[in-house]
Number of protein chains: 2
Amino acid sequence: MTLQQIAVTSRSSETRLRILAATRSLLAMKGRRGTTTREIADEAGVNEATLFRQFGNKDALIDACVEHYCSTVELEELLASLDGDLERDLVRIAAALVQRMENVRDLIVMSLIEEESQGSVGEAAWRAPTAIKKIVAEHMAKRIAAGELAGNPLFLARFFMGMIFSYVMGRKRFPEEYAADPIAVIEFQVGMFLNGARKR
Amino acid sequence: MTLQQIAVTSRSSETRLRILAATRSLLAMKGRRGTTTREIADEAGVNEATLFRQFGNKDALIDACVEHYCSTVELEELLASLDGDLERDLVRIAAALVQRMENVRDLIVMSLIEEESQGSVGEAAWRAPTAIKKIVAEHMAKRIAAGELAGNPLFLARFFMGMIFSYVMGRKRFPEEYAADPIAVIEFQVGMFLNGARKR
DNA sequence: GGTCAGTGCAAGTACTTACTTGCATAACGC
DNA sequence: GCGTTATGCAAGTAAGTACTTGCACTGACC
């Protein structure tokens, strides 16, 4: 690869990013079929032909978009931030989960539509959340072993994840109801969860 | 209206039902834009022209479909089935919520897509669930007043609803994970909720 | 038997949309 | 200045899609 090619690639990769961003936002609003390539090009401030020259066709573009925004997340920092205090740890995990889920919220919704759930969206959208869910399950298992919590670690993890999931979706669909401080809501939810699962 | 018209109407109303059913199932799979009138007609075993003669245009058809499947639910029998036992009542409410939400699950998902949430789907899909949510909130208020539960009735109702919501969605998206007996899951969830909210 | 609404059928219209293509131009490294 | 590469522009193609229309048929009612 010559120096020229490198420079050229960097120019083109910038337009690629703009196209991906436009695709993403339109996809969230209108869905796969509702989004037209012309709209994407306009939103990205790019000619429609450029879009096809870069990605080949619409499907490949959407695949690239999904992959780009669902790249595997580094979760080491999350794990590193846990300090052993049950409630504090769960709040931190919940906060991370809320953040990652909101990042790909629209893609998650798309993955719930039957047609999309078989495509690339279905798997990719849940990558970060399921990774965190695994962490949660392991955490639960430890705490159960330590006698702090009671129940099945997988069930608890699912419950925990569902709690966050419904919060993220609720905030999107009913913003006026969920106007409260997110931290406070997270703490309330974790509190409910902890009371519910704590061994008594 | 002559007797002939009545008979005719009953014939046409049967085809209307078939069209509505077809619309619904395709809508769930492919979304508003992804569903074509030709597909609907084929699925309903009806000529495409009939579809337009009956409903005028595609939008009106979809509106009619949504309205038809989101008709207000009679909740008296639910209220009547409550007997004052906190846990048993909550299980019954949860079961009703699961059932109604699953009935309109696809429409609920559609209502989460930005474009649809302004249309007729957005409001109609949540009719039954919000009606039940109101019941839940009143129930919670009573139990809080009675000193059995602690917290804000609205928050509790939201939490309760979110719990069920995530279960219904989870069952759709990850059927293998949620293969367990629904009743058992509901009881588990209600148990978690109760422990979480119970005054201590 | 005659009437009439509801439907099937086939063809057609107007529009959108994914995708292409040929050419001019701008950016960049040499 | 020169070649290469990415892009803009404009026009076009092929397919799909919402919706229409005219005609023939059926089946219930009078």
Side-chain angles (χ1 to χ4, degrees), chain A residues 1-27 29-66 115-116 119-121, chain B residues 1-27 29-66 115-116 119-121:
Chain A
M1 187 186 272
T2 70
L3 283 177
Q4 179 174 349
Q5 278 174 322
I6 292 176
V8 154
T9 307
S10 108
R11 173 153 59 110
S12 83
S13 92
E14 192 212 312
T15 60
R16 281 179 75 93
L17 286 181
R18 285 221 309 281
I19 295 173
L20 289 176
T23 304
R24 193 205 146 106
S25 83
L26 285 170
L27 213 58
M29 288 197 311
K30 312 193 161 200
R32 193 178 202 116
R33 303 227 198 187
T35 304
T36 73
T37 53
R38 189 162 311 171
E39 278 175 321
I40 296 175
D42 286 353
E43 174 93 5
V46 147
N47 194 276
E48 200 182 351
T50 300
L51 185 153
F52 283 101
R53 284 193 272 245
Q54 282 287 348
F55 294 94
N57 60 40
K58 190 182 171 184
D59 277 347
L61 166 60
I62 292 180
D63 285 356
C65 173
V66 171
E115 192 192 26
E116 317 281 359
S120 57
V121 184
Chain B
M1 186 184 274
T2 70
L3 282 177
Q4 179 174 350
Q5 277 174 322
I6 292 177
V8 154
T9 306
S10 108
R11 173 152 61 110
S12 84
S13 92
E14 192 213 311
T15 61
R16 281 179 75 94
L17 286 182
R18 287 222 309 281
I19 295 173
L20 289 175
T23 304
R24 193 207 147 106
S25 83
L26 286 170
L27 213 57
M29 287 198 311
K30 313 195 162 198
R32 193 178 202 114
R33 303 225 199 187
T35 304
T36 73
T37 53
R38 189 162 312 173
E39 278 175 321
I40 295 175
D42 286 352
E43 174 93 7
V46 148
N47 194 274
E48 200 182 351
T50 301
L51 184 155
F52 285 101
R53 284 191 272 246
Q54 282 286 348
F55 294 93
N57 59 40
K58 189 182 170 183
D59 276 347
L61 165 60
I62 291 180
D63 285 356
C65 173
V66 170
E115 194 192 26
E116 317 280 0
S120 57
V121 184

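Per chain, numbering begins at 1; letters A, B, ... match sequence-line order.
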B/A60: side-chain contact (heavy atoms from CB on, under 4.5 Å) partners, not counting sequence neighbours: B/N57
side-chain contact (heavy atoms from CB on, under 4.5 Å) partners for B/A49, two or more places apart: B/N47, B/R53
Footprint string (nucleotides 7-18 of chain D, 5' to 3'): B base within contact, S backbone only, - free, heavy atoms under 4.0 Å: BBB-------SS
Electrostatic pair A/R32:A/E115 at N-O distance under 4.0 angstrom: no
Degree of bending, the helix from C/dG1-D/dC30 to C/dC30-D/dG1 (end axes from five pairs; round to 10°): 20°
Side chain proximity check, B/I40 to B/L61, heavy atoms < 4.5 angstrom: yes
Where at least one partner belongs to residues 15-24 of chain A, residue pairs that pass salt bridge (Lys or Arg N to Asp or Glu O under 4.0 Å), sequence neighbours excluded: A/E14-A/R18, A/R24-A/D106
Pairs meeting criterion salt bridge (Lys or Arg N to Asp or Glu O under 4.0 Å) with involvement of residues 36-47 of chain B, two or more places apart: B/K30-B/E39, B/R38-B/E48
Partner residues of B/T50 under the side chain to side chain donor-acceptor pair (under 3.5 Å) criterion, sequence neighbours left out: none
